[in-house]
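For reference, the structure discussed in these notes is given below.
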Amino acid sequence: MMRTVIMVLLLSCTNLQAQEYFGDENGAANGADVVAYFTLGEARPGSAEFEYRWQGNTWRFANRKHLDLFSANPKHYVPQFGGAGALTMAHGAKFPGSPAAWSIKNDRLYFFLFPAARETWLMNPDKLIPRAEAHWQKLRQ
């Protein structure tokens, strides 16, 4: 069972390497409205009615206001590390994060594989953020 899960994760990572941001058939961030984390403090699904193309990805929003905020400054709202799990990135691995497990630190959005990873991250984000950023830069070269 664990071998199957690992294979699925590796295949999903391989298939998405051409894209900067993780996502699914609903778009980047699995269709989550990334602006809602900042404006509402919660995860919200986006709608196909409010879509915006940026960096080869489709981003969805819950309403026109969020779409407009994003289109004015996309880099402010996108999840760090392409939406990969921030804790795994700090350990040098790139796996898709979950829009349901998230945190904002220093006005940046971070996704995590699951809620327990978020809790571990929150114990020492000031140490983990530079480590994750260093690994992210290596992966992007």
Side-chain angles (χ1 to χ4, degrees), residues 1-2 4-141:
M1 177 68 176
M2 183 57 111
T4 302
V5 170
I6 291 170
M7 288 302 295
V8 168
L9 285 171
L10 290 174
L11 287 172
S12 67
C13 291
T14 302
N15 291 338
L16 293 169
Q17 284 178 350
Q19 293 181 327
E20 180 78 14
Y21 296 94
F22 282 108
D24 63 12
E25 67 277 356
N26 294 310
N30 298 358
D33 178 346
V34 293
V35 176
Y37 296 104
F38 293 89
T39 60
L40 304 173
E42 63 185 41
R44 284 271 173 100
S47 166
E49 181 180 355
F50 304 106
E51 289 186 343
Y52 184 78
R53 292 284 297 168
W54 183 72
Q55 299 242 329
N57 295 270
T58 300
W59 299 83
R60 289 186 173 178
F61 305 93
N63 56 53
R64 170 63 63 187
K65 179 182 177 185
H66 287 185
L67 185 154
D68 291 343
L69 286 168
F70 183 87
S71 66
N73 189 7
K75 290 182 179 182
H76 173 74
Y77 296 103
V78 296
Q80 300 302 290
F81 319 124
L87 184 61
T88 56
M89 185 60 63
H91 293 287
K94 182 180 177 185
F95 292 103
S98 169
W102 61 278
S103 178
I104 293 176
K105 173 77 174 168
N106 299 330
D107 215 24
R108 297 286 177 227
L109 175 62
Y110 298 94
F111 285 165
F112 304 91
L113 285 175
F114 41 81
R118 176 185 181 272
E119 297 309 315
T120 300
W121 174 271
L122 291 175
M123 287 183 213
N124 200 352
D126 294 328
K127 178 181 176 186
L128 294 168
I129 289 171
R131 285 178 50 188
E133 288 173 349
H135 286 296
W136 178 243
Q137 291 307 316
K138 285 180 190 174
L139 287 172
R140 296 182 76 202
Q141 294 176 355

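Quick caveat: nothing in here was measured; it's all calculated off a predicted structure. All values below were derived from every heavy atom in this structure, side-chain atoms included, with hydrogens, water molecules and symmetry-related copies excluded.
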note = The side-chain contact (heavy atoms from CB on, under 4.5 Å) partners of Ser47 (sequence neighbours excluded) come to Glu49, Phe50
remark   = Scanning both residues in full, the closest heavy-atom pair of Asp24 with Gly31 reads OD1-N, 4.3 Å
remark   = OG of Ser71 to CZ of Arg64, rounded to nearest 0.5 Å, is 8.5 Å
key: Smallest separation among heavy atoms of Pro99 and Ala43, with atom names   = O-CB, 3.9 Å
For Ala117, all residues meeting side-chain contact (heavy atoms from CB on, under 4.5 Å), sequence neighbours excluded = Leu87, Phe112, Phe114
query = Between NZ of Lys65 and CG of Asp33, what distance do you get to the nearest 0.5 Å?
reply = 11.5 Å
remark   = Rounded to the nearest 0.5 Å, the NZ atom of Lys94 sits from the CH2 atom of Trp136 at a distance of 4.5 Å
ask   = Under the side-chain contact (heavy atoms from CB on, under 4.5 Å) criterion, do Asn30 and Phe22 qualify, and how do the steps go?
value = CA-CA 8 Å; Asn30 298 358; Phe22 282 108; 5.7 Å; no
For Tyr37, ring-ring contact (aromatic ring centres under 6.0 Å, His included) partners two or more places apart = Trp102, Phe111
ask   = Between Thr120 and Leu128, which heavy-atom pair has the shortest distance, and what is it?
value = O-CD1, 4.3 Å
message = Strictly distance-based, threshold 3.5 Å: is any side-chain N or O of Asn106 a donor or acceptor partner for the main-chain N or O of Arg108?
response = no
inquiry  = I want to know whether Tyr21 and Trp59 have ring centres closer than 6.0 Å.
reply    = yes
Minimum heavy-atom distance between Pro96 and Leu113, given as atom pair plus value = O-CD2, 2.9 Å
ask   = Could you give the distance from CG (Asp68) to CG (Asn73), rounded to the nearest 0.5 Å?
value = 13.0 Å
Interatomic spacing from OH in Tyr52 to CG in Asn57 - rounded to 0.5 Å = 12.5 Å
remark   = Of all heavy-atom pairs linking Val35 and His66, the shortest is CG2-O, 3.5 Å
ask   = Which atom pair, heavy atoms only, marks the closest approach of Ala101 to Pro115?
value = CB-N, 3.8 Å
message = Per the salt bridge (charged side-chain N to carboxylate O under 4.0 Å, His left out) rule, what does the pair list look like for residues 110-139, sequence neighbours excluded?
response = Lys105-Asp126
inquiry  = Suppose we screen for ring-ring contact (aromatic ring centres under 6.0 Å, His included). Which residues come up paired with His76, at least two apart in sequence or across chains?
reply    = Phe38
message = For Phe70 and Trp54, take the angle between the two ring planes, folded into 0 to 90°, and tell me which bin it lands in: parallel under 30, tilted 30 to 60, perpendicular over 60.
response = perpendicular
task = Please name all residues satisfying side-chain contact (heavy atoms from CB on, under 4.5 Å) with Ala132, sequence neighbours left out, ordered by chain then number.
result = Phe81, Met89, Ala90, Trp121
ask   = How far apart are the C-alpha atoms of Glu51 and Arg53, what are their side-chain angles, what is the distance that settles it, and do they pass the salt bridge (charged side-chain N to carboxylate O under 4.0 Å, His left out) test?
value = CA-CA 7 Å; Glu51 289 186 343; Arg53 292 284 297 168; over 6 Å; no
